[in-house]
Amino acid sequence: MSNTLMNTYGLRKTMLTKGEGAYLWDSEGRRYLDALSGIAVCGLGHSHPTVTQAITEQASTLLHCSNLFLIEPQVTLGNKLIALSGMENIFFSNSGAEANEAAIKIARKFGNDKGITDPHIITFDGSFHGRTMATLSATGNEKVKTGFTPLVSGFKHAPYNDIAAIEQFACANTVAIMVEPIQGEGGVNVPDAGYLAALRALCDKNDWLLIVDEIQTGNGRTGKYFAYQYADIIPDVVTTAKGLGNGLPIGACLAAKKAANVLQPGNHGSTFGGNPLSCNGALAVVNTLVDGGIMQSGAEMGEYMIRAFKDALKHTSNVKDIRGKGMMIGIELHHPCPDFVEQAKQQGVILNVTAGNTIRMLPPLIYTKEQADSLVHTVTQLIFQTSEQPEPAL
Ligand SMILES: *Cc1c(COP(=O)(O)O)cnc(C)c1O
């Protein structure tokens with residue numbers, strides 16, 4: 001049926017046709033509890049009325065005019081994100097990878113401007129920064145890169161969550177460190193509490209830019225608007241996308257201090273980036289996230305589920321680790337579990353497996369306690385079924 005689509009996602013069997021709140025429906029009318037949010041996108045759930053209204057109104061007012069003109073919702077959204085982030089200015093893109101492309105260009109030009117014509121950016125093992133040539137070259141996962149040589153040069157991959165090791169990867173050409181506050185695709189890897197602050201100090205000492213990739217962790221996913229805000233630092237560059245539009249294609253690259261004025265007229269651009277439709281929709285998303293207490297209640301529900309998983313799975317032999325922050329939850333098993341996605345779907349739950357053996361949950365931030373309990377129940381029962389040592393009977 002769908003063999004006209006390039007086979008980039010393997011065989012897809014389920015067609016989703018409707019979403020409302022934390023639920024999705026397929027073309028056969030089956031209902032699913034969404035624990036994926038379209039990969040950390042629909043933080044406010046599906047068909048959120050405020051977002052729908054903002055899109056509808058904008059669609060009948062002005063859909064496109066190009067960045068050769070000021071765009072009212074783009075300016076308003078930009079100011080809002082600058083205030084929320086502590087950054088100074090913003091560039092809008094259509095996706096996460098494009099936001100990172102802008103960040104990489106800023107880092108390279110920052111280097112070139114001070115005479116470093118072969119600048120290097122330090123990124124990390126297990127990282128994911130996108131699928132374009134520069135962002136896949138920045139990514140620290142061989143699977144993403146295999147078959148695509150020649151890669152874009154100028155990236156060095158250091159071990160994640162290891163400050164001391166960075167020294168070995170730095171040189172006179174180093175211009176920036178690019179890091180996810182929590183690695184998403186890499187397996188929901190949460191670094192030590194002092195990690196980002198130590199990276200900030202290292203960058204300050206060496207005149208490197210600190211680029212924080214908040215494409216997955218941003219927009220309330222971990223409980224604060226951006227995850228770096230737990231570390232009480234201000235990066236030089238922040239990128240975000242996914243949850244920003246709740247499903248509209250939009251990304252952003254924010255810059256501050258010495259990164260803020262690196263790009264000048266003619267250096268960068270995008271035809272669609274920051275278009276009126278995406279920006280007016282995203283403005284409704286950001287306002288709803290910030291004003292409604294949704295980030296806080298989402299984070300509480302996430303922490304509640306992490307505790308519940310830890311409690312329910314503490315005697316389960318095939319569970320290696322349970323980790324996460326807010327609504328970003330990973331359960332690492334001792335063995336690869338690709339079939340878990342389909343098994344969960346059979347039980348009416350949409351989730352994801354990443355890094356081969358990590359069950360990943362990225363629920364909408366609007367979960368009720370009942371929905372949280374339902375997710376914990378379904379996932380723990382499925383894990384018990386595949387465990388050698390089932391949960392002892394009560
Ligand atoms: C998803 C993701 C990207 C890429 O975003 P796209 O919108 O798919 O291009 C980059 N970095 C991180 C951390 C991501 O999770």
Side-chain angles (χ1 to χ4, degrees), residues 10-14 16 19 21-26 28-40 42 45 126 182-190 216 221-223 297-394:
L11 184 63
R12 285 162 284 189
K13 294 181 226 154
T14 306
L16 297 174
Y23 294 104
L24 287 160
W25 284 263
D26 69 14
E28 253 113 71
R30 281 201 61 189
R31 190 183 82 162
Y32 303 89
L33 177 64
D34 187 3
L36 183 61
S37 308
I39 318 184
C42 308
I182 296 173
Q183 288 185 336
E185 305 306 300
V188 194
N189 302 320
V190 186
Q216 186 158 156
R221 176 69 28 206
T222 74
S297 59
E300 281 163 24
M301 206 57 80
E303 300 306 328
Y304 166 76
M305 286 192 282
I306 292 170
R307 281 196 304 276
F309 278 125
K310 283 186 173 165
D311 193 44
L313 295 168
K314 62 184 171 221
H315 301 301
T316 313
S317 66
N318 58 348
V319 174
K320 188 170 171 197
D321 192 24
I322 298 168
R323 54 185 179 252
K325 195 157 189 68
M327 283 298 207
M328 205 171 165
I329 304 171
I331 301 178
E332 184 180 350
L333 303 184
H334 282 291
H335 53 80
C337 52
D339 299 340
F340 203 90
V341 173
E342 189 57 34
Q343 289 164 0
K345 203 162 69 187
Q346 298 292 327
Q347 301 299 316
V349 169
I350 304 242
L351 48 65
N352 178 244
V353 165
T354 192
N357 62 351
T358 303
I359 300 162
R360 177 171 56 159
M361 286 157 279
L362 300 161
L365 313 182
I366 50 150
Y367 258 30
T368 61
K369 187 165 173 299
E370 197 183 18
Q371 288 161 343
D373 287 336
S374 167
L375 176 63
V376 171
H377 177 78
T378 305
V379 170
T380 52
Q381 288 304 312
L382 280 172
I383 292 173
F384 292 157
Q385 281 169 27
T386 54
S387 170
E388 296 148 28
Q389 265 175 284
E391 178 79 340
L394 290 172

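Residue indices begin at 1 and follow the sequence shown.
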Quick one, Arg221 with Ser37, criterion side-chain contact (heavy atoms from CB on, under 4.5 Å). Give me CA distance, side-chain angles, the key distance, then yes/no. CA-CA 11 Å; Arg221 176 69 28 206; Ser37 308; 3.6 Å; yes

In sequence, state the C-alpha distance, the side-chain angles, and the governing distance for Gln216 and Ile182, and then conclude on side-chain contact (heavy atoms from CB on, under 4.5 Å). CA-CA 9 Å; Gln216 186 158 156; Ile182 296 173; over 6 Å; no

Between Thr354 and Gln183, is a side-chain contact (heavy atoms from CB on, under 4.5 Å) present by the stated rule, with each step listed? CA-CA 11 Å; Thr354 192; Gln183 288 185 336; over 6 Å; no

Stepwise, does the side-chain contact (heavy atoms from CB on, under 4.5 Å) test hold for Met361 with Ile331? CA-CA 9 Å; Met361 286 157 279; Ile331 301 178; 3.7 Å; yes

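At distances below 3.5 Å, not a single donor-acceptor pair connects side-chain atoms of Arg31 with backbone N or O atoms of Gly348. Judged purely by atom type and a 3.5 angstrom limit, Asn357 uses its side chain to pair as donor or acceptor with the backbone of Leu333. Ser374 contributes no side-chain N or O that, together with a main-chain N or O of Glu370, makes up a donor-acceptor pair within less than 3.5 Å. At distances below 3.5 Å, not a single donor-acceptor pair connects side-chain atoms of Thr378 with backbone N or O atoms of Leu375. Glu303 places a side-chain N or O within 3.5 Å of a backbone atom of Gly326 that can act as its donor or acceptor partner.
Summarising the geometry of Met327 relative to Tyr367, their closest heavy-atom pair is CE-CB, 3.8 Å, with the distance given to 0.1 Å. In plain terms, the two heavy atoms of Phe384 and Ala312 that are nearest each other are CZ-O, 3.5 Å. The two residues Gly186 and Ala355 come nearest to each other via the heavy atoms O-CB, 3.6 Å. Among all heavy-atom pairs drawn from Ser317 and His334, the shortest one is O-CD2, 3.2 Å. The minimum heavy-atom distance between Val376 and Ala308, with the atom names listed, is CG1-CB, 4.0 Å. Smallest separation of non-hydrogen atoms from Phe340 and Val379: CZ-O, 3.9 Å.
Taking CZ of Arg30 as the start and CG of Leu24 as the end, the distance is 12.5 Å to the nearest 0.5 Å. Rounding to the nearest 0.5 Å gives a distance of 4.0 Å between CD1 of Ile329 and CE of Met305. Of the inter-residue distances, the one linking Ile383 atom CD1 with Phe309 atom CZ reads 7.0 Å to the nearest 0.5 angstrom. To the nearest 0.5 angstrom, Gln343 atom CD is 7.0 Å from Thr386 atom OG1. Here the CG-CD1 distance, from Leu362 to Ile350, works out to 13.0 Å after rounding to the nearest 0.5 Å. From Lys320, atom NZ reaches atom NE2 of His335 across 12.0 Å, with rounding to the nearest 0.5 Å.
Here Ser297 pairs with nothing under the side-chain contact (heavy atoms from CB on, under 4.5 Å) rule; sequence neighbours left out. Applying the salt bridge (Lys or Arg N to Asp or Glu O under 4.0 Å) rule to Glu185 yields the partners Arg360; only residues at least two apart in sequence or on another chain are considered.
Side-chain contact check for Thr14 versus Glu28: every heavy-atom pair is 4.5 Å or farther apart. Between Ile39 and Asn352, every side-chain heavy-atom pair lies at or beyond the 4.5 Å cut-off. Asp34 has its side chain out of reach of Tyr23: every pair of non-hydrogen atoms, C-beta onward, lies at least 4.5 Å apart. Looking at Tyr304 and Asp373, their side chains come closer than 4.5 Å, going by heavy atoms from C-beta outward.
For the residue pair Gln381/Gln385, the side-chain donor-acceptor check at 3.5 Å is not satisfied.
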